[in-house]
Amino acid sequence: MRTRISEHVLRFAFPAGTSRGVYTTHRTWRVELQGEDGRVGVGECAPLPDLSCDALPPHLYRAKLEEACAQLARTGEIPYGELRDHPSILMGLETAVQHLRAGSWQLWDTPFSRGEEGIRINGLVWMGDFPTMLQRLEDKLAAGFRCIKIKIGAIGWERELELLRRIRERYSPQEVELRVDANGAFSPQDAPARLEQLAAFGIHSIEQPIRAGQWSDMAEICRVSPVPVALDEELIGVNAPARKEELLDAIRPRYIILKPTLHGGFCGAAEWMRLADARGIKYWVTSALESNIGLNAIAQWCAARRHGMPQGLGTGQIYTNNVVPFPLSIRGERLWFDPAAARPCTDLNAFLEEWNGPAPAITVHTSGSTGMPKPMLARKEAMVASARMTCRFLGLREGDTALLCLPLRFIAGKMMAVRAQVAGLRLIPCEPCGHPLRGLREPPHFAAMVPLQVYNSLQVPEEAALLRGIRHLIIGGGAVDAALAAQLKDFPNAVWSTYGMTETLSHIALRRLSGPQADEWYTPFGGVELSLNAQGCLVVTAPHIGCRALATHDIAEMDEHGRFRILGRSDNTINSGGIKIQAEQVEDTLRRHGLAEVHITAAPDAKFGECVVLLTTADEAEAARICRAHLPAYSAPRRIIRVPALPLTPTGKPDRARGREIARCGKNP
């Protein structure tokens with residue numbers, strides 16, 4: 001087993017106020033395990049400064065984490081005994097190991113992980129000034145939350161009572177459950193009177209009314225308080241089983257709140273559960289400001305046990321640079337897991353790390369349709385501009401789902417991830433394959449596919465139904481032939497053919513394939529200027545995406561409105577005996593007359609200079625018959641080579657360079 005550690009600083013979307021101060025950033029460490037079979041497991045170690053018992057200085061924390069990872073790699077076992085006092089490291093390693101075993105973010109098999117049930121969660125109102133807290137409270141109630149947790153200790157006791165009063169004027173305790181988190185803000189002397197005041201509002205529970213470590217005072221408060229007490233910070237640093245028993249027997253709380261990152265990882269939290277069950281003490285589970293990696297692990301672990309009470313798992317939207325995409329979403333007052341979005345996509349995290357890094361540009365590769373793929377640098381600001389063009393044109397909205405099923409090595413896959421970042425789309429990733437809709441329960445709002453993926457999906461009824469349900473389907477990476485276009489014509493939603501290339505950072509024009517608006521002409525996006533050069537090839541000028549008089553190899557014609565259609569590529573022109581033959585036009589004719597899989601290329605010829613060669617998966621005699629019947633003599637193939645599969649690039653385009661090599665050799669090289 002190999003291990004890798006990387007440091008990540010999460011940035012809060014707003015100043016996160018607690019009784020211990022205000023958080024604006026959160027330093028975390030990510031652990032990546034790779035097994036001998038190539039599978040990867042990722043976990044997150046997320047100690048909280050001034051709170052976690054293992055919140056060491058960064059260099060010491062990393063040293064301890066490296067030591068634990070080295071032992072795990074050497075023995076294959078997590079060193080639980082040595083890490084009992086390092087709960088955040090324990091949780092990170094436990095998550096990574098479980099992820100490695102499961103093979104996806106679907107860590108345990110439960111109704112939650114299958115997308116059948118959601119986990120009821122509380123709505124969290126962070127500390128802030130009074131107007132801010134009031135607005136956050138209103139937002140949570142409007143979203144449908146019926147269990148509200150309010151953090152107190154920052155704006156003054158009377159103002160905090162006013163917030164609670166406002167809720168109770170509108171909602172009874174039967175309609176809205178109120179939890180209060182004091183984070184140790186009361187003194188032992190003030191606590192009894194304040195708890196009496198809180199009781200008037202029908203408070204479900206109060207978390208940690210006084211600072212941790214005052215066992216006798218806390219025990220007395222638990223005994224006399226009219227509001228049930230839940231212990232939170234009190235459990236931090238209490239890691240030995242005997243000490244846990246001593247604490248519970250001394251204080252006798254009504255509830256304990258379990259945070260695996262703070263309370264011993266999953267193994268330590270499970271130990272607390274067993275001890276609490278033996279004493280009739282109830283509990284619920286909450287996150288401790290982890291990113292989506294940790295939050296998902298806690299939610300999955302919680303769902304594998306019991307979660308009748310509302311849990312504290314609604315913190316997935318507090319960071320501006322959280323790990324996205326992720327299969328978690330909040331609908332109403334429940335946290336849901338989308339199993340389709342949990343399908344592995346091994347390159348995504350690496351791309352997002354690069355995208356969120358400090359470099360102004362990233363490396364992309366050309367598709368390789370006419371030769372070897374070539375690297376080029378793309379500026380991030382230009383990629384953002386391109387993403388905005390597409391999102392504006394299609395009317396994509398924040399929260400829409402977007403299917404990522406194209407290789408992230410190439411621009412089409414990268415731009416889908418960038419569009420999700422720019423527009424706030426919820427990405428559904430999967431490894432690139434011929435059937436990207438397989439396993440989905442409902443269609444995404446937006447998807448980008450190559451023609452082969454669309455064709456394959458149409459052959460499977462369940463996948464075809466999902467394909468028809470995609471609100472905006474864009475098809476690129478190759479020409480959409482007439483037969484495929486005919487099948488898409490009656491789709492109820494918008495289907496588009498794209499025009500673009502790596503140098504234009506994906507597409508700069510679309511043409512409609514579905515409905516009455518279906519057209520043969522591409523319409524360029526705003527800010528894109530087009531012209532034709534002396535060879536009849538399209539020239540693209542779009543300074544906002546870095547294109548200045550980019551001469552393409554696409555032979556085109558333009559109309560008076562600035563629209564265009566593609567006739568073929570200049571580098572796919574075959575000169576046979578002085579007659580120029582466009583490979584794409586011959587392919588289109590053959591497909592329209594029954595040859596589904598064809599690839600037209602050329603081979604050297606002593607008499608004509610070049611001769612037309614047909615590669616096909618069909619029977620040679622049948623292919624020859626169709627060619628004689630439907631092609632003029634000058635463009636009819638002089639040779640037909642039957643191949644097991646047409647040559648394609650990794651992005652699904654015709655591999656023209658390999659096709660010429662097959663034609664030259666007379667067989668698959």
Side-chain angles (χ1 to χ4, degrees), residues 367-371 450-452 454-455 475 477-487 497 499 513 520 535-538 552-557 564-649 652-669:
S367 64
S369 55
T370 58
V450 297
L452 181 61
V454 176
Y455 175 83
I475 306 173
V480 177
D481 64 51
L484 182 57
Q487 293 183 74
S497 173
Y499 176 82
L513 298 175
E520 292 183 357
Q535 291 73 42
C537 292
L538 205 63
T552 74
H553 293 281
D554 294 310
I555 302 170
E557 63 175 317
F564 65 96
R565 60 183 175 185
I566 300 298
L567 304 178
R569 284 183 63 86
S570 59
D571 44 12
N572 292 340
T573 301
I574 301 168
N575 191 335
S576 183
I579 299 176
K580 293 182 178 179
I581 301 159
Q582 202 63 45
E584 296 92 338
Q585 293 179 351
V586 178
E587 290 170 347
D588 186 57
T589 298
L590 294 177
R591 289 192 190 103
R592 282 190 283 108
H593 291 93
L595 275 183
E597 294 198 347
V598 293
H599 180 115
I600 291 292
T601 185
D605 185 89
K607 180 178 180 180
F608 294 99
E610 287 185 312
C611 69
V612 178
V613 179
L614 167 62
L615 310 182
T616 182
T617 59
D619 176 74
E620 293 101 316
E622 176 63 11
R625 185 192 66 77
I626 293 175
C627 290
R628 287 194 301 271
H630 300 288
L631 291 175
Y634 66 84
S635 64
R638 294 186 178 274
R639 285 163 41 201
I640 297 175
I641 301 174
R642 189 175 187 181
V643 292
L646 298 184
L648 298 174
T649 69
K653 293 182 180 181
D655 190 334
R656 297 293 178 183
R658 185 160 170 261
R660 282 184 176 265
E661 182 65 12
I662 294 172
R664 185 183 64 80
C665 298
K667 60 181 180 179
N668 265 314

(message) Quick check for you: to the nearest 0.5 Å, what is the distance between Thr589 atom OG1 and Leu631 atom CG?
(response) 6.0 Å

(request) Drop me the distance from Ile555's CD1 to Gln582's CD, to the nearest 0.5 angstrom. (result) 4.5 Å

(message) If I take atom CD1 from residue Ile662 and atom OG1 from residue Thr601, how far apart are they, to the nearest 0.5 angstrom?
(response) 8.5 Å

(request) Work out which heavy atom in Ala623 is nearest to a heavy atom in Thr616; give both atom names and the distance. (result) CB-CG2, 4.2 Å

(message) Exactly one of Ile581, Leu590, Leu615 should register a side-chain contact (heavy atoms from CB on, under 4.5 Å) with Ile600. Which one does?
(response) Leu590

(message) If I compare all heavy atoms of Val480 with all of Ala485, which pair ends up nearest, and what's the gap?
(response) CG1-N, 3.9 Å

(message) Is it the case that the side chain of Arg639 and the backbone of Ala663 share a donor-acceptor pair, with hydrogens and angles ignored and the cut-off at 3.5 Å?
(response) yes

(request) Taking the side chain as every heavy atom from C-beta outward, state whether Ile574 and Val613 have any pair of such atoms under 4.5 Å apart. (result) no

(message) With rounding to the nearest 0.5 angstrom, report the CG to CG distance, Leu538 to Asp554.
(response) 7.0 Å

(request) Provide the closest heavy-atom pair for Ile566 versus Ala556 in the form atom of the first, atom of the second, distance. (result) CD1-CB, 3.9 Å

(message) My understanding is that only one of His599, Glu597, Arg642 makes a side-chain contact (heavy atoms from CB on, under 4.5 Å) with Thr617; could you say which?
(response) Glu597

(message) Nearest 0.5 angstrom please: Arg664 CZ to Glu661 CD, how far?
(response) 4.0 Å

(message) Donor-acceptor check, side chain of Ser576 to backbone of Glu610, threshold 3.5 angstrom: yes or no?
(response) yes

(message) Nearest 0.5 Å, please: how far is CG in Leu614 from CD in Glu620?
(response) 9.5 Å

(request) Of all the heavy-atom pairs spanning Glu584 and Gly568, show the shortest one and how long it is. (result) OE1-CA, 3.6 Å

(message) Using every non-hydrogen atom in the two residues, find where Thr552 and Cys537 come nearest and quote the distance to one decimal.
(response) O-CB, 3.3 Å

(request) Specify whether Tyr499 and Phe564 have parallel, tilted or perpendicular ring planes, treating 30° as the upper limit for parallel and 60° as the lower limit for perpendicular. (result) perpendicular

